[in-house]
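Notes for the one structure printed next.
Treat the numbers as computed from the prediction; the structure is a model and nothing was measured.
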Amino acid sequence: MAGLLLCISMLGWDIVPAQGEDGDMPVVHELVRQAVSYDASVDPTADSAVNDSLKAASQLVSLQKTQKVGPYALAGRIRSDYDRLQGALQSRGYYGGHATIRLEVAGRSIDGHSPDLAAFLTSVKSGETVHVHLGGVLGDQFTVGRIIVAPEDGGAGASQTGSAGEAAAFSVVRNTVTLSDEERDSLGLKEGVPAIAADVLAMQGRLLTHLQEEGYGLSDVQTPQAILHPEKKQIDVQLRVRRGPKLVIGPMTLNGLKKVRPDYVRRRMLLREGQLYQPSAIEQARLDLGSTGLFAAVVQHNGDKVLPLSSPPQKTTSGKKPAARPAGVEGELPIDFDFTEGKRHRVTGDVGYSTDLGGRAGVSWLHRNLLGRGEQLRVSAMATGLGGTAQQGLGYDGYVDFMKPDFMERSQTLGLRVEAVRQLLYSYHQTALLVQGHVSRPLWKDFSGSVGVTLEQEHIRQFGRKAEYFIGSIPIRLDYDGTHRASPIEPATHGFRMTLGITPSVSLEHKTSFFIPMNGQASTYFDLHHLGMGKPGYSIIAMRVMVGSIQGASTWNLPPDQRLYAGGPGSVRGFRYQGVGPQYGTTKYAIGGTSMDAGTIEFRQRLPKNFGLAAFTDAGQVSSKSMPGHGKLRVGCGGGVRYFTPIGPVRVDVAVPLNRPNRGDKWELYLGLGETF
């Protein structure tokens, strides 16, 4: 039997065009009748995927709550649903099956195909509900037969292979296109598998993507056609393909740049002229340019025509060595980038409060593109110590930051800071001027590192004694972040983070003192959804461990601000800032130490309407010994609420100490933006 040529729709092969929602049923009498109340449900078949498809395809199901209709319109809706349900069956390969609709009301029932359907519905009394049962008889599931790939301009003529009947079925094919093994594998479909419409339709996009990634940037793949063979319980699938020439990237044009220098964009660009044309590489380059924060939009489009191959230049317009030309290339395709530059200036505010550190309030101004190559200048001023049990007066923190991206090489950043600090803590009073510089860069996947130099001139008063310090240090840091958050302000819901630091330092006052602070912090996040509890990202257990040690000097030989402290929102909540560890006599003044360790376990529960809850327990200790694990262990616990905003969660926590030290606070309140870790 000769095959029947079909077109593929989103739900299957369209054998019979679907009618409108209400069909051709007359609706004149509906004007004088009340709407019929009904509910529709799907009677399960042996294939759960078919059940889902039937429910999704049925207008009886989708419209039952929103659009009430009279008896004649409902009859039309029922009859038009047969085609939709039939399409749902065929979308799963059940071409021999048929859809069923049965209605029940007040002990009476009728088939949806019955000619008395309209009369049955008009007899429904007010207050009665019609129960509509949708279903299907599956029959045999058809499989995929041959997969024929033909040229897009194949024209008429018989297939070169196959029987006479099959040649008639493929009368539109003059010849076939030979695919490589990789191209045929990219189809994702093999002969003999169930003829699922979604899988067959996906062949078009899969093959097109593969061809374009091979360099055929102008290739085209048409929607698959299916040839039904009822006697074989198979469908043959025909794809029409146009490869076009194999291309490399030609000249790249940058449009719309005003304040951003073109040489910076070209140096930053991940593309090189002469490399194989691949949409994925071009899209990655577009996203990378967008990630600089300099542009509100970056749009890429191909040039108007393919250019003939030119002699390879010694250098590209970006100054980079041109890519080696792949084999089989037939032309160059120009690439155009259209840029819309973003706002260069931004003013932000910062406020926060805790019962130990008091309130803080400040403002910062940011210039995103100072010299035209993405340089950032930030000026910030903040008042600190507005009250608080760990403060003795008003302080300030002001700084000027300069950041140079792609310093000397791509993805390497230079950071410079000049900062003035004054803080009147119970532990010590400090007035300091700091000059810092560092270079940071990604190292391996999820790893990054930085190294820098810091010079600090400070005046410190502690326990009635005054001292001047000039400290030079070389901070070295290694970071790992496997949480893969979309942005730094987004709370982590899975994965692991770690930071390791070592800072060789020298303090020059009456004599030279060399010491090496070392610190490490690790945190991990576990989503209880993996245990079948809650929605993904809603119920999170977060854990953190912190350790620190200073080698080379004892506690009293260290400048007070260089010692290790614990207590407060960054380490052990429930205790005031610097309130964990040795104290000076019977006072509440903290001495600090040369070792510290702390740990936290926290449960975070997301609630509806952007709210959330948290419960936590913190513990930590500080010691004058150089190895962590010594000292008086302090434990605090508490809870809080969260309100999630586009710039991060607003956090309100309350914590109490379980073993309060002498003159320690009875409770602490913390308000801030973002999770504590």
Counterpart residues, side-chain contact (heavy atoms from CB on, under 4.5 Å), relative to Asp446 (two or more places apart): Tyr480, His484
Flag this pair as yes if the NZ/CZ of Arg604 is under 6.0 angstrom from the six-membered ring centre of Phe677 and inside a 45 degree cone about the axis; otherwise no. yes
Measure the shortest side-chain to side-chain distance between Phe339 and Leu294 over non-hydrogen atoms and say whether it is less than 4.5 angstrom. no
Main-chain N/O of Ala281 paired with Glu283 side-chain donor or acceptor, under 3.5 Å: no
Pair Glu375-Lys404, salt bridge (charged side-chain N to carboxylate O under 4.0 Å, His left out): steps then yes or no: CA-CA 5 Å; Glu375 300 89 352; Lys404 170 69 174 175; 2.9 Å; yes
How long is the span from the OG1 atom in Thr292 to the CZ atom in Arg368, to the nearest 0.5 Å? 9.5 Å
Taking the side chain from Asp406 and the backbone from Ser411, do they hold a donor-acceptor pair closer than 3.5 Å? yes
Just verifying a value: how many Å separate Arg663 CZ and Arg576 CZ, rounded to the nearest 0.5 Å? 9.5 Å
With a 3.5 Å cut-off and no angle check, do the side chains of Ser364 and Thr348 form a donor-acceptor pair? yes
Are Arg660 and Lys666 side-chain neighbours, meaning at least one heavy-atom pair lies under 4.5 Å? yes
Exercise answer: donor-acceptor pairs, residues 435-445 side-chain atoms, under 3.5 Å, sequence neighbours excluded:
from	atom 1	to	atom 2	distance (Å)
Arg441	NH1	Glu409	OE1	2.7
Arg441	NH1	Gln412	OE1	3.2

Side chains of Tyr525 and Ser523: any donor to acceptor distance under 3.5 Å? yes
Arg360 and Thr384: side-chain donor and acceptor closer than 3.5 Å? no
Distance-only, no hydrogens or angles: does the Arg634 side chain make a donor-acceptor pair with backbone N or O of Val580 under 3.5 Å? no
Passing candidate, side-chain contact (heavy atoms from CB on, under 4.5 Å) with Asp561, options Gln462, Gln430, Gln423: Gln430
To check you understand the geometry: which heavy-atom pair defines the closest contact between Pro559 and Glu458, and what is its length? CB-OE2, 3.9 Å
For Ser549 and Gln551, which I'm curious about, is there any donor-acceptor pair between the side chains at under 3.5 Å? yes
Side chain to side chain contact (heavy atoms under 4.5 Å, CB included) between Val506 and Ile471, intermediate numbers included: CA-CA 6 Å; Val506 60; Ile471 303 171; over 6 Å; no
What closest approach, in Å, do Tyr264 and Gly374 show between heavy atoms, and which atom pair accounts for it? CE2-N, 4.5 Å
Evaluation steps, side chain to side chain contact (heavy atoms under 4.5 Å, CB included), between Phe295 and Leu257: CA-CA 10 Å; Phe295 307 107; Leu257 295 179; 3.7 Å; yes
Can the positive tip of Lys535 be found less than 6.0 Å from the middle of the six-membered ring of Tyr538, inside 45° of the ring normal? yes
To the nearest 0.5 Å, atom CD of Gln278 lies from atom CD1 of Ile249 at 8.0 Å
Using salt bridge (charged side-chain N to carboxylate O under 4.0 Å, His left out), reason through Glu602 and Arg544 one step at a time and then give a plain yes or no. CA-CA 9 Å; Glu602 181 169 303; Arg544 175 181 64 181; over 6 Å; no
Apply salt bridge (charged side-chain N to carboxylate O under 4.0 Å, His left out) to Arg417 and Glu419, showing your working. CA-CA 6 Å; Arg417 169 178 284 199; Glu419 183 174 13; 3.4 Å; yes
Quick one: does any side-chain atom of Thr340 pair with a main-chain N or O of Ala296 as donor and acceptor, under 3.5 Å? no
Which distance, rounded to the nearest 0.5 Å, do you find between the OG1 of Thr617 and the CD1 of Ile601? 7.5 Å
Does a donor on one side chain sit under 3.5 Å from an acceptor on the other, for Asp527 and Thr493? no
Return yes if a side-chain donor-acceptor contact under 3.5 Å exists between Ser507 and Gln562, otherwise no. no
Looking only at atom types and distance, does a side-chain atom of Arg286 sit under 3.5 Å from a main-chain N or O of Val298, one as donor and one as acceptor? yes
Would a 4.5 Å heavy-atom cut-off, applied to side chains only, mark Tyr469 and Ile460 as touching? yes
Looking at side-chain heavy atoms only, is the closest gap between Ile516 and Thr503 below 4.5 Å? no
Is Arg563 positioned over the aromatic face of Trp556, cation under 6.0 angstrom from the ring centre and no more than 45 degrees off axis? yes
Do Thr524 side-chain atoms and Gly495 backbone N/O form a donor-acceptor pair below 3.5 Å? yes
Would you say Lys466 and His459 make side-chain contact, with heavy atoms under 4.5 Å? yes
Hey, is OH on Tyr584 packed in by over 12 heavy atoms from elsewhere, all under 6.0 Å? no
Check Gly648 against Leu673 and note the closest heavy-atom contact, atom names and distance. O-CD1, 3.6 Å
Walk me through it: do Met403 and Thr413 pass the test side chain to side chain contact (heavy atoms under 4.5 Å, CB included)? CA-CA 7 Å; Met403 188 272 288; Thr413 301; 3.4 Å; yes
Determine the minimum heavy-atom distance between Ser354 and Tyr670, stating which atoms define it. CB-CD2, 3.6 Å
Backbone of Arg268 reached by a side-chain donor or acceptor of Arg410 within 3.5 Å: yes
Atom of Gly520, atom of Leu500 and distance for their closest heavy-atom approach: CA-CD2, 4.0 Å
For the residue pair Asp653 and Pro569, establish whether any side-chain heavy-atom pair is separated by less than 4.5 Å. no
Counting distance only, does the side-chain N/O of Asn659 pair as donor-acceptor with the main-chain N or O of Leu633 below 3.5 Å? yes
Interatomic distance, CZ@Phe526 vs NE2@His529, rounded to 0.5 Å, equals 10.5 Å
Give a yes or no on whether the backbone of Arg267 and the side-chain of Asp263 come within a donor-acceptor separation of less than 3.5 Å. no
Shortest non-hydrogen separation from Cys637 to Leu658 and the atoms involved: SG-CD2, 3.7 Å
Atom CD1 of residue position Ile541 - does it have more than 12 heavy atoms of other residues, nucleotides or ligands inside 6.0 Å? yes
Counting the benzene-type ring for Trp, do Phe603 and Phe616 have ring centres under 6.0 Å apart? no
I would like to know whether Met498 and Gln521 meet side chain to side chain contact (heavy atoms under 4.5 Å, CB included); could you show each step before the answer? CA-CA 6 Å; Met498 178 188 66; Gln521 177 173 316; over 6 Å; no
Are side-chain heavy atoms of Leu377 and Val400 found at a separation under 4.5 Å? yes
Any donor-acceptor N/O pair, Arg606 side chain to Gly612 backbone, under 3.5 Å: no
Heavy-atom distance under 4.5 Å between the side chains of Leu425 and Gln391, does that happen here? yes
Could you tell me whether Asp356 and Arg573 have a side-chain N and a carboxylate O separated by less than 4.0 Å? no
How many angstroms lie between CD in Glu456 and CG in Leu434, if you round to the nearest 0.5 Å? 4.0 Å
